[in-house]
K.L.:
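First the structure, which I've put down as structure tokens, then a few questions once you've had a look.
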Amino acid sequence: MISIVLFGKPGAGKGTQAEFLKEKYNLSHISTGDVFRYNIKNETPLGKEAQVYISKGELVPDEITINMLKQEVEKNNDKAGYLFDGFPRTIDQAIALDEYLKSVGLAITATIALEADDEVLVARILERGKTSGRVDDQDENKIRTRYNEYNEKTAPLIDFYTKQNKYYSVDGIGSIEEVTERLSKVIDSL
Ligand code: AMP
């Protein structure tokens, strides 16, 4: 089984690429952002809790997110591996993921980052916000908060996975097909 973490700043194209990669490699795609949004839409207790943070562009606390992630992994075990999209986003989440995967006999195979310039990404998100209906996509201040959260809490993961020799990065600017091709090259080389 392979377990890939798709890594990158908000707007880098993780969700878009995951849609292609999950088909190509028969992976269970687990997007924590999508699971939160599903719960918000259905007004579940988890959704109500998460909404407070998401609507401000802040990260949802680790404990809530980690528990949810474990449940998702347990639900989705009928494929050739996992594609984590938007998780982990903090060192504590990364440690919890390593421990959890180990407990079920698995491990992260690789973390692949989609690289793109901040200003390009902010413009992309604002454009997406016109149709996505996501409140956190429509307000530049909330988008900036998401970038601050990324720089403060998520960027340290680059070092975390580099030390484990599991960090790869690809240029996230280009057509969807070009970027899928770059990601596939990394996955095929694993
Ligand atoms: P995304 O769709 O991945 O951009 O996530 C949207 C929002 O959901 C983020 O801005 C966070 O508020 C929340 N979220 C998603 N994944 C995580 C995570 N791994 N840890 C904490 N919050 C998360």
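Side chains included, hydrogens not; waters and symmetry mates left out as well; all remaining heavy atoms used. Read the numbers this way: they start at 1 and go in the same order the structure lists the ligands and their atoms.
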K.L.:
Which residue owns the protein heavy atom closest to atom 20 (N) of ligand 1, what's the atom, and how far is it?
P.N.:
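I find the closest protein heavy atom is Gln93 NE2, 2.9 Å.
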
K.L.:
Which protein heavy atom lies closest to atom 22 (N) of ligand 1, and at what distance to 0.1 Å?
P.N.:
Val60 N, 3.0 Å

K.L.:
Should the pair Tyr167 and Phe7 be assigned to parallel (<30°), tilted (30 to 60°) or perpendicular (>60°) ring geometry?
P.N.:
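Plane angle over 60°, so perpendicular.
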
K.L.:
Among protein heavy atoms, which lies nearest atom 23 (C) of ligand 1, and at what distance?
P.N.:
Phe36 CE1, 3.8 Å

K.L.:
List for me each residue that meets side-chain hydrogen bond (donor to acceptor under 3.5 Å, both in side chains) alongside Asn148, sequence neighbours excluded, and say none if there are none.
P.N.:
none

K.L.:
Answer with side chain, backbone, both or neither: which part of Thr65 has a heavy atom less than 4.0 angstrom from an atom of ligand 1?
P.N.:
side chain

K.L.:
Which residue and non-hydrogen atom of the protein lie closest to atom 11 (C) of ligand 1, and at what distance in Å?
P.N.:
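Looking at atom 11 (C) of ligand 1, the protein heavy atom closest to it is Glu58 O, 3.6 Å.
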
K.L.:
Between the side chains of Tyr25 and Asp188, does any donor sit under 3.5 Å from an acceptor?
P.N.:
yes

K.L.:
Could you tell me, atom by atom, which parts of ligand 1 come under 4.0 Å of a heavy atom of Thr32?
P.N.:
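Checking each atom against Thr32, I get 15 (C), 16 (N), 17 (C), 19 (N).
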
K.L.:
Would you mind checking if Arg144 and Glu140 are paired as a salt bridge, meaning a charged N to carboxylate O distance below 4.0 Å?
P.N.:
yes

K.L.:
Consider side-chain hydrogen bond (donor to acceptor under 3.5 Å, both in side chains). Of His29, Lys14, Gln17, Lys22, which one does Asp85 pass it with?
P.N.:
His29

K.L.:
For atom 9 (C) of ligand 1, grab the closest protein heavy atom and report residue, atom and distance to one decimal in Å.
P.N.:
Arg89 NH2, 4.0 Å

K.L.:
Could you tell me if Thr145 and Glu58 have a donor-acceptor pair between their side chains, going purely by distance under 3.5 Å?
P.N.:
no

K.L.:
Does any part of the side chain of Ile91, heavy atoms only, come nearer than 4.5 Å to the side chain of Phe160, both counted from C-beta?
P.N.:
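Phe160 reaches Ile91 side chain to side chain.
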
K.L.:
Taking the non-hydrogen atoms of Arg37, is any one of them nearer than 4.0 angstrom to ligand 1?
P.N.:
yes

K.L.:
Tyr82 and Glu72: side-chain donor and acceptor closer than 3.5 Å?
P.N.:
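There is no such pair (donor and acceptor under 3.5 Å, judged by atom type) between the side chains of Tyr82 and Glu72.
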
K.L.:
Hey, is Lys14 one of the residues with a heavy atom under 4.0 angstrom from ligand 1?
P.N.:
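No.
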
K.L.:
Is there a polar contact, in the sense of an N or O pair closer than 3.5 Å, between Tyr53 and ligand 1?
P.N.:
no

K.L.:
Of the backbone atoms (N, CA, C, O) and the side-chain heavy atoms from C-beta on, which set of Lys56 has a member under 4.0 Å from an atom of ligand 1: side chain, backbone, both, or neither?
P.N.:
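Under 4.0 Å from ligand 1, Lys56 contributes no heavy atoms.
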
K.L.:
Could you identify the single nearest non-hydrogen protein atom to atom 13 (C) of ligand 1 and state the distance to 0.1 Å?
P.N.:
Ile54 CG1, 3.8 Å

K.L.:
With distance as the sole criterion, is a donor-acceptor pair present between the side chains of Thr44 and Asn39 under 3.5 Å?
P.N.:
yes

K.L.:
Looking only at protein heavy atoms, identify the closest one to atom 6 (C) of ligand 1 and say how far it is in Å.
P.N.:
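Looking only at protein heavy atoms, the one closest to atom 6 (C) of ligand 1 is Arg134 NH2, 3.5 Å.
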
